[in-house]
Amino acid sequence: MKKRLYLELENCIGCRSCLAACTQCGGHEERNRNYVYDVNPLVNRQTMPLMCLHCVNPACARSCPAQAIQIHETGAVLSALVEKCIGCQNCTIACPYGIPKFDTEQNLMYKCDLCIDRTKNGIPPMCASVCPSNTLQWLTDEEIGNRKQQFNLDNGKWVTSLPYLESETNVKVNLPGILQGIEKLF
């Protein structure tokens with residue numbers, strides 16, 4: 001049964017445990033591949049995690065002249081292969097979400113690879129396994145469908161992935177509270 005990373009952005013409390021867990025994932029060389037964004041730091045404490053949405057037809061991979069960015073059979077878009085990456089940074093420019101980062105010392109692009117060493121075996125990615133507020137969850141499509149039914153928005157808005165900003169994504173994002181203008185009380 002295929003599972004996907006599911007984000008409920010309104011749940012984020014800004015604890016950054018996802019960032020700490022990301023550095024501990026195998027193959028990440030203790031490098032953080034996710035980000036926590038302070039939405040409006042001068043007004044409130046709203047935060048949200050930013051990570052690769054693992055597009056079905058990723059712009060980063062399409063823009064790579066060396067074909068260094070591979071797509072795993074699970075749908076995860078992987079970081080650039082060390083032996084193929086030529087350091088042109090096309091991928092960092094092409095991504096509409098601004099996710100790939102470039103390491104100038106290693107002359108290499110890196111980004112979230114959905115902890116492929118874990119997820120290919122059905123184990124949740126590190127960020128989802130430690131998130132205390134259920135902002136990041138590892139769910140089946142059926143479970144995501146059940147979540148969608150919990151939120152009855154008459155305006156047809158539910159996930160940022162629909163309509164697609166770039167293309168269809170393997171990571172689903174839920175925004176009902178944000179779309180309804182609900183304010184957090186912390």
Can you see which heavy atom on P100 is nearest to which on T92, and at what distance? O-CG2, 3.5 Å
With hydrophobic residues grouped by side-chain heavy-atom distances under 4.5 Å, do F102 and I69 end up in a single group? no
Residues, nucleotides or ligands: over 12 heavy atoms within 6.0 Å of E142 CD: no
Chi angles and distances behind the side chain to side chain contact (heavy atoms under 4.5 Å, CB included) call for C91, S63: CA-CA 6 Å; C91 55; S63 70; 4.3 Å; yes
Determine whether a donor-acceptor pair (N or O, by modelled atom type, separation under 3.5 Å) exists between the side chain of D38 and the backbone of N40. no
d(R62 CZ, N90 CG) to nearest 0.5 Å is 12.5 Å
Could you state the interatomic distance from OH (Y37) to SG (C12), rounded to the nearest 0.5 Å? 13.0 Å
Could you tell me whether a side-chain N or O of Q106 sits under 3.5 Å from a main-chain N or O of D103, the two making a donor and an acceptor? no
How long is the gap from OG1 on T140 to OH on Y6, to the nearest 0.5 Å? 11.5 Å
Gap between atom CD1 of I99 and atom NE2 of H54 - 0.5 Å precision: 9.5 Å
Would you kindly confirm whether V39 and L53 end up in one hydrophobic cluster when ILVMFWY residues are joined by side chain heavy atoms under 4.5 Å apart? yes
Would K111 and Y97 count as a cation-pi pair here, with the cationic atom under 6.0 angstrom from the ring centre and within 45° of the axis? no
Between the side chain of Q24 and the main-chain N/O of A21, is any donor-acceptor distance below 3.5 Å? no
Hydrophobic cluster (4.5 angstrom, side-chain heavy atoms) - remaining members for M126: none
Check the hydrophobic clustering (I, L, V, M, F, W, Y; side-chain heavy atoms under 4.5 Å; chains of links allowed) and say if L136 and Y35 are grouped together. yes
Please assess V36 against L19 for the test side chain to side chain contact (heavy atoms under 4.5 Å, CB included), listing each intermediate value before the final yes or no. CA-CA 8 Å; V36 173; L19 303 184; 3.9 Å; yes
Can a side-chain donor-acceptor contact be found between N11 and E8 if the only test is distance below 3.5 angstrom? yes
Could you list who else is in L108's hydrophobic cluster, with ILVMFWY side chains joined at under 4.5 Å, directly or through other members? V82
Taking all non-hydrogen atoms of both residues, which atom of V130 and which atom of S17 are closest, and how far apart? CG2-O, 3.5 Å
In terms of hydrophobic clustering (I, L, V, M, F, W, Y; side-chain heavy atoms under 4.5 Å; direct or indirect links), are L9 and V171 co-clustered? yes
Quick one: are P125 and C25 in side-chain contact, heavy atoms under 4.5 Å? no
For residues 116-123, please give each side-chain donor-acceptor pair under 3.5 Å, one per line with the distance, not counting sequence neighbours.
unit_1 : atom_1 : unit_2 : atom_2 : d
R118   : NE     : P124   : O      : 2.7
R118   : NH2    : P124   : O      : 2.9
T119   : OG1    : L114   : O      : 2.9
T119   : OG1    : C115   : O      : 3.4
N121   : ND2    : D117   : O      : 3.4

How many angstroms lie between CG in L7 and CE in M51, if you round to the nearest 0.5 Å? 5.5 Å
Report the distance from atom CD1 of I86 to atom SG of C64, rounding to the nearest 0.5 Å. 6.5 Å
Tell me whether the NZ or CZ atom of R33 lies within the 45° cone about the ring axis of Y110 and under 6.0 Å from its centre. no
Does this structure show an ion pair linking D141 with K3, if we count only N-O contacts that are shorter than 4.0 Å? no
Ignoring hydrogens and angles, tell me if any N or O in the side chain of Q70 forms a donor-acceptor pair with the backbone of Q67 under 3.5 Å. yes
